[in-house]
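Inspection log for the structure reproduced underneath, given as structure tokens.
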Amino acid sequence: PALQPLLETVTRSLNEQMSLLNNPERNIVVYAAKDCSTLFMIAGRVIPSLQLSPNTFEGVKQVISWSLDIVSRSNKNRLYTQGSHFVELQKSCLRFLRYLSGWFVSVKYHVSHQSQTNAVDCISKEFLSSSVSEIVSNCLDSLTSPISPPPKLLMLAAIEAFESYGSVVQPENFHDLPPVRNLCANLHSVGAAVP
């Protein structure tokens, strides 16, 4: 309960900074990227310690959505080529997702025991599976780029995040997730890019 206000403050601050990332003025974007990096690192430390409740769940879903949006945009647009602040931002998002694997373990537990609690009725197996699939997909996309390879720092953060979902969360259908099946089918091409 004591960490709930901190999550609210981080979420509110991230909302403000995320809107500044689209600002046309370069200096504002640089500072927003740095602030977002810090806020994602704080969120990654706070969220796994929170008790599951409908209020915290909605805040966590929003922070997950923002981090996945940043990682996806960074991968698609190779934002890591635009400067160290974007490398740091993507790395912070990947680390946030890695730290969140512990939270997903508690979500997985509550989903499997949902009949015993009403506090997390909004959580479903579909949410768990689709979120893990999207996280894993973004981690794997962070490993490769056909035009310019991502920095080793990002590759290592992506590998650590991917590993945390395969070994810590372990959803029943992990090997059936589309990005994992794709990895297995194309391991030679993905492995060629990894340092």
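- The stretch residues 79-107 participates, sequence neighbours left out, in these salt bridge (charged side-chain N to carboxylate O under 4.0 Å, His left out) pairs: Glu88-Lys91, Arg98-Glu160.
- The side chain to side chain donor-acceptor pair (under 3.5 Å) check on Ser72 picks up Lys76, with sequence neighbours excluded.
- Every pair passing side chain to side chain donor-acceptor pair (under 3.5 Å) that includes a residue from residues 21-32 is listed here, sequence neighbours excluded: Asn22-Arg73.
- Residues Gln90 and Ser74 approach most closely at OE1-CB, 3.1 Å, considering heavy atoms.
- Here Ile159 contributes atom CD1 and Lys152 contributes atom NZ; the two are 11.5 Å apart, rounded to the nearest 0.5 Å.
- Heavy-atom minimum distance, Phe40 versus Phe96: O-CD1, 3.6 Å.
- In plain terms, the two heavy atoms of Leu14 and Trp66 that are nearest each other are CB-CZ3, 3.6 Å.
- Within the 3.5 Å criterion, the main-chain N or O of Lys61 finds no donor-acceptor partner in the side chain of Ser65.
- Separating the CG atom in Leu20 from the SG atom in Cys36 is a distance of 8.0 Å, to the nearest 0.5 Å.
- A donor and an acceptor atom, one from each side chain of Gln62 and Thr11, are nowhere located under 3.5 Å apart.
- Residues satisfying the side chain to side chain donor-acceptor pair (under 3.5 Å) criterion with Glu8, sequence neighbours excluded, are Gln4.
- Asn75 contributes atom CG, which lies 12.0 Å from atom CD1 of Ile70 (distance to the nearest 0.5 angstrom).
- Every pair passing side chain to side chain donor-acceptor pair (under 3.5 Å) that includes a residue from residues 33-45 is listed here, sequence neighbours excluded: Arg45-Tyr99.
- Minimum heavy-atom separation, Ala158 to Ser142: CB-CB, 3.6 Å.
- Taking Ser137 as the reference, nothing meets the side chain to side chain donor-acceptor pair (under 3.5 Å) condition, with sequence neighbours excluded.
- Nearest heavy-atom pair, Pro48 versus Trp103, reported as atom, atom and distance to 0.1 Å: CA-CB, 4.2 Å.
- Between atom OG1 of residue Thr9 and atom CD1 of residue Ile42 there is a gap of 10.0 Å, rounded to the nearest 0.5 Å.
- A distance of 10.0 Å separates CG in Asn138 from SG in Cys93, rounded to the nearest 0.5 Å.
- Applying the side chain to side chain contact (heavy atoms under 4.5 Å, CB included) test between Ile47 and each of Val60, Leu6, Ile64 identifies Val60 as the sole match.
- For the pair Tyr165 (side chain) and Leu97 (backbone), a donor-acceptor distance under 3.5 Å is present.
- Note that the CG atom of Leu7 and the OG atom of Ser49 stand 11.0 Å from one another [nearest 0.5 Å].
- Linking Ile, Leu, Val, Met, Phe, Trp and Tyr whenever their side-chain heavy atoms come within less than 4.5 Å leaves Met41 and Val10 in two separate clusters.
- Linking ILVMFWY side-chain heavy atoms closer than 4.5 Å, directly or via other members, places Val30 and Leu21 in two distinct hydrophobic clusters.
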